[in-house]
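See below for the structure under consideration.
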Amino acid sequence: MAASGSVPSGLVGIPVFPAAHLKSAAHGGSWGFDNLVGILAEISEETPAGAVSIAAEIIAQAQTRGEPVAWIAGTESIFFPPDLLDRGIDLRAISVIRAGAEPESLTAAEWLIRSGAFGLVVLDLDGEGNVSDASLGRILKVAKRTQCAVLFLTRKHAGAPSLGSQISLRGCVTRCGAEPILVHLDTVKDKRSSFSPRYSRQYHGPSGMH
């Protein structure tokens with residue numbers, strides 16, 4: 001056994017990284033459901049560009065793990081049900097709450113997460129979102145305790161700040177092309193990792209349904 005602090009001759013020249021960094025690189029940049037559990041995440045788009053489609057993928061992943069999902073609509077419109085159905089999502093297993101303004105949406109989210117009955121709660125906020133760190137802090141606390149994934153959908157450009165300091169992961173959506181539509185999700189904030197690759201997907205269908 002080599003002495004503490006020394007490197008065996010056969011390993012000289014091989015880069016060595018702390019295990020914590022390797023774990024962070026492997027999981028921190030991922031938008032998979034498993035990596036969103038117990039944190040607050042935000043997906044932003046300046047104009048409708050594919051945020052709902054990406055959220056639908058996260059919902060599908062949650063459902064494959066048997067996790068109930070809640071969608072809180074703080075906007076006048078809501079997702080297009082047939083679009084989610086085509087992605088293999090069980091609409092009967094999604095609880096939809098029309099909460100109206102942001103204060104009501106946040107209160108509804110806190111109640112749902114605190115109940116421990118949901119594995120994923122999506123808050124579709126109108127506009128950029130005007131949420132206090134105190135509200136986010138309460139939601140984060142119960143999300144950690146109940147191991148719930150919380151995803152905010154907001155409308156703003158990539159240069160705008162995230163909802164608050166309690167947001168661990170934020171991505172901004174852009175798209176290009178007409179048919180199929182190529183959607184990119186660029187991670188602009190990730191507290192757990194500095195390694196944040198671009199997440200891209202191709203979608204088919206009218207642009208208004210994305």
Side-chain angles (χ1 to χ4, degrees), residues 30-45 48-156 162-164 166-171 173 185 199 201 209-210:
S30 172
W31 283 89
F33 167 74
D34 290 340
N35 296 314
L36 302 181
V37 173
I39 70 167
L40 307 186
E42 178 184 359
I43 295 179
S44 305
E45 58 184 0
V52 172
S53 292
I54 293 175
E57 291 196 14
I58 298 171
I59 291 172
Q61 292 171 18
Q63 289 191 340
T64 60
R65 290 156 178 76
E67 296 288 355
V69 177
W71 183 290
I72 300 174
T75 60
E76 293 184 359
S77 62
I78 198 169
F79 60 80
F80 186 60
D83 196 29
L84 268 63
L85 191 64
D86 287 345
R87 300 181 191 283
I89 292 174
D90 184 359
L91 295 176
R92 299 169 299 177
I94 301 180
S95 298
V96 178
I97 298 91
R98 285 192 174 276
E102 286 173 16
E104 289 82 0
S105 296
L106 295 172
T107 299
E110 188 173 345
W111 286 351
L112 293 174
I113 300 165
R114 192 180 298 277
S115 74
F118 296 92
L120 171 64
V121 174
V122 180
L123 291 91
D124 190 9
L125 301 180
D126 189 16
E128 295 188 1
N130 183 20
V131 183
S132 70
D133 261 357
S135 295
L136 291 177
R138 289 194 301 270
I139 292 175
L140 177 59
K141 184 177 180 179
V142 293
K144 286 181 177 178
R145 187 174 72 242
T146 60
Q147 287 296 280
C148 178
V150 183
L151 176 64
F152 292 88
L153 303 182
T154 56
R155 277 73 183 176
K156 55 189 171 185
S162 64
L163 281 173
Q166 305 294 344
I167 298 293
S168 293
L169 184 66
R170 181 189 171 209
V173 175
L185 177 62
Y199 177 95
R201 287 291 186 271
M209 295 184 185
H210 296 275

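Keep in mind the model is a prediction, meaning the values are calculated, not measured.
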With a 4.5 Å cut-off on side-chain heavy atoms, are [Y] and [X] touching?
{"X": "Leu163", "Y": "Leu125", "result": "yes"}
{"X": "Phe33", "Y": "Thr64", "result": "no"}
{"X": "Leu151", "Y": "Val121", "result": "no"}
{"X": "Arg114", "Y": "Thr146", "result": "no"}
{"X": "Gln63", "Y": "Ile94", "result": "yes"}
{"X": "Asp83", "Y": "Phe79", "result": "no"}

Could Lys156 and Glu42 be called an ion pair, given the rule that one side-chain N must be under 4.0 Å from one carboxylate O?
yes

State whether Asp124 and Arg155 are salt-bridged, where the test is any N-O pair (Lys NZ or Arg NE/NH1/NH2 against Asp/Glu carboxylate O) under 4.0 Å.
yes

Any idea which heavy atoms bring [X] and [Y] closest together, and the distance?
{"X": "Val150", "Y": "Ala143", "value": "CG2-CB, 3.9 Å"}
{"X": "Lys144", "Y": "Gly38", "value": "CG-O, 3.3 Å"}
{"X": "Ile78", "Y": "Ala73", "value": "CD1-CB, 4.2 Å"}
{"X": "Gly137", "Y": "Gln166", "value": "N-CG, 3.8 Å"}
{"X": "Gly74", "Y": "Ser105", "value": "CA-OG, 3.6 Å"}

Do Arg65 side-chain atoms and Gln61 backbone N/O form a donor-acceptor pair below 3.5 Å?
yes

Would you find a donor on one side and an acceptor on the other, under 3.5 Å apart, between the side chain of Glu45 and the backbone of Ala51?
yes

Working to the nearest 0.5 Å, report the span between [atom1] of [X] and [atom2] of [Y].
{"X": "Ile97", "Y": "Leu112", "atom1": "CD1", "atom2": "CG", "answer": "5.0 Å"}
{"X": "Asp133", "Y": "Ile167", "atom1": "CG", "atom2": "CD1", "answer": "9.0 Å"}
{"X": "Phe152", "Y": "Leu123", "atom1": "CZ", "atom2": "CG", "answer": "5.0 Å"}
{"X": "Ser53", "Y": "Leu185", "atom1": "OG", "atom2": "CG", "answer": "12.0 Å"}
{"X": "Ile39", "Y": "Cys148", "atom1": "CD1", "atom2": "SG", "answer": "11.5 Å"}
{"X": "Arg98", "Y": "Ile72", "atom1": "CZ", "atom2": "CD1", "answer": "13.0 Å"}

Decide yes or no on side chain to side chain contact (heavy atoms under 4.5 Å, CB included) for Asn35 and Trp31, but give the supporting numbers first.
CA-CA 7 Å; Asn35 296 314; Trp31 283 89; over 6 Å; no

List the steps and the verdict of side chain to side chain contact (heavy atoms under 4.5 Å, CB included) for Leu153 and Trp71.
CA-CA 11 Å; Leu153 303 182; Trp71 183 290; 3.7 Å; yes

Looking only at the side chains, is there a donor atom on one of Thr154 and Arg170 sitting less than 3.5 Å from an acceptor on the other?
no

Can you name the side-chain hydrogen bond (donor to acceptor under 3.5 Å, both in side chains) partners of Ser132, sequence neighbours left out?
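Applying side-chain hydrogen bond (donor to acceptor under 3.5 Å, both in side chains) to Ser132 gives Ser135.
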
Chi angles and distances behind the side chain to side chain contact (heavy atoms under 4.5 Å, CB included) call for Glu67, Leu120
CA-CA 7 Å; Glu67 296 288 355; Leu120 171 64; 5.8 Å; no

